[in-house]
Participant: 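Quick one: the structure is below, questions incoming.
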There are 2 protein chains.
Amino acid sequence: MNSRTFDAGAVLGLDLSNFQNAAARLCDDMLRTPLLPYFGNGALGHVVLKAENLQPGGSFKIRCAANVASALAPVCNGRMATASVGNFALGLARASRSRGIRVSVHVPDTAARIKVQGLEHLGARVVEHPFDQWWAIMTSRQTGEDDGIFVHPVCEREVIEGNGTIGLELIEQSPEIDTVVVPFGGGGLASGIALAMRAAGSSARIVAVEVETSTPLASAWRDKRPVQVIKSPSFVDGIGSTRVLNDMWPLLQTLIDDVVTVSLADVRDAVRSAAAHNHLLLEGAGGAALAGALKYPSERVCAVLSGGNIDMSALAEILGPALP
Amino acid sequence: MNSRTFDAGAVLGLDLSNFQNAAARLCDDMLRTPLLPYFGNGALGHVVLKAENLQPGGSFKIRCAANVASALAPVCNGRMATASVGNFALGLARASRSRGIRVSVHVPDTAARIKVQGLEHLGARVVEHPFDQWWAIMTSRQTGEDDGIFVHPVCEREVIEGNGTIGLELIEQSPEIDTVVVPFGGGGLASGIALAMRAAGSSARIVAVEVETSTPLASAWRDKRPVQVIKSPSFVDGIGSTRVLNDMWPLLQTLIDDVVTVSLADVRDAVRSAAAHNHLLLEGAGGAALAGALKYPSERVCAVLSGGNIDMSALAEILGPALP
């Protein structure tokens, strides 16, 4: 296994051309997703939705994954390994297939079945681990196997560049956006969007949103350093961890302007409202972004709807009991 | 009540500028909806989706309704009446509110509850009728009340112009589309798209799709004239009738190239697949378009996803039992 290192300082130094080049590399792998007005009853027209749930594979992760596959294809000898709750791995499996790269994916045993099935359908090799062991792979970059160059789903320059392409699109689609609410998993999405928007001259606030079941960033924010937290299981499987990654903390301190926490009930309401009013399906992380945007005071706030890969049975349960 | 007449010959004579002018009038009322690749498992990349379910009010009807409201506002004396299963009326209520017009909506008692609630929420006056009485209003343009100028949801020049703006967008978004599959309700959507695309020089086939529970067009096609058919109730409430409107038949004969019928099971599968793979919520009519496109042999076929206003309980039932 080849281990790569992550240089936060170099990432903080990325400039506009890095993100523009990534956007050019990715245009055949992904959609330029629409920016849609939110039509929920309570909204006053100030909330807009970046519909990354409409991407191939159902999440923004195709952006960072395709950028990784494109950049590393010449040096990976046809094999890559990653550790991911699913969406990054889905993107990597998809982007790697057309480039002749075999992907091994290490997932926590809490990953949504629909994501595991999707990985297998795309030809990836899937290895399940108890959550703590999986988290150890995330922090050590050691899978314990000889399964190719290890690609981290968050702490990689190419990941952050790929995610930043969302920021470039937001500025083009609606320069008046003053606040961007981003679901917080490991920080790769928020960091990429923040870096790209600032490189392009925007002063929009970047707000990270967490769900009450797992608040590593709010805790680190309070204590001014990464600390261990409890992660309770829930249908929100795309974000949440037990600790902010040490490698990411220097970026997060610099790039994120505020942190908000939403409840599981808020997320359910947001998923139901996006379905009923905008006819978009969201997974929990996407619902968290909308819930955060609805709570955050702003003239024009964008919720980054990170993905839509929710188990149909979980969705049916959210939609079923209460008519909107 | 003021009755207006419908001149099919004049509508057949609409030229490109009529549709371009409508598009310019409507830009503040509606979205230019994205054209998205279909990501379902069985697809080979040749199916694209015109996501009209993402429109304000959840259906393409905002286009024709806003064009009507915009054109008739100066002459309607602040009142309009219509007969609609819901989506046209929702659009008219929405577009009329900002223009100070009070709308009365005559609906069949089979209309989805979510649409009736939406109308009332938008301030419209709703009058329910048994289906046969409602259909009599549709054909006679007589509501039996003094409730303003009557606007037909299908047989109006302004309706067909507004719907045609979809065709202009399709040509710009993907000139290589060779087939457009359109759900058939009264024929206003298919006619508008066909007229606009031909006016713009396209030779794409226009295929109308019906559900097995109501096939007035397939029956008229076979008998070369409108005939009475049975309409069985189902969750597909946005399309289907007991007879092709006489006023529309000259247009349909000229503009529609083929008619396909899909089963209710096909529609359910399409609704489930659009949710699972594209994270888009469709109502039955939208599902019928996708089901039709999946059956229709073509190099590049576009399904017009006409709307997303499905009862959440019906949706939960479709999504719940079988995991994709």
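Computed from a prediction, not measured in an experiment: that's the story for all the values here. Chain naming here is simple, since letters A, B, ... match the order of the sequence lines and numbering starts at 1 in each.
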Participant: Which heavy atom of A/Leu31 sits nearest a heavy atom of B/Pro37, and at what distance?
Facilitator: CD2-CD, 3.7 Å
Participant: Rounded at 0.5 Å granularity, tell me how far CG in B/Asn309 sits from NE2 in A/His279.
Facilitator: 4.0 Å
Participant: Any residues in residues 63-70 of chain A near chain B, with a heavy-atom distance under 4.5 Å, and which are they?
Facilitator: none
Participant: Heavy-atom distances under 4.5 Å only: say whether B/Leu280 touches chain A with side chain, backbone, both or neither.
Facilitator: both
Participant: Would you compute the distance between atom CG of B/Leu319 and atom CG of A/Leu281 and round it to the nearest 0.5 angstrom?
Facilitator: 7.0 Å
Participant: Would you say CD of B/Glu299 has more than 12 non-hydrogen atoms from neighbouring residues, nucleotides or ligands within 6.0 angstrom?
Facilitator: no
Participant: Do any of residues 48-57 of chain A come closer than 4.5 Å to chain B, heavy atom to heavy atom, and if so which ones, in number order?
Facilitator: A/Asn53, A/Leu54, A/Gln55, A/Pro56
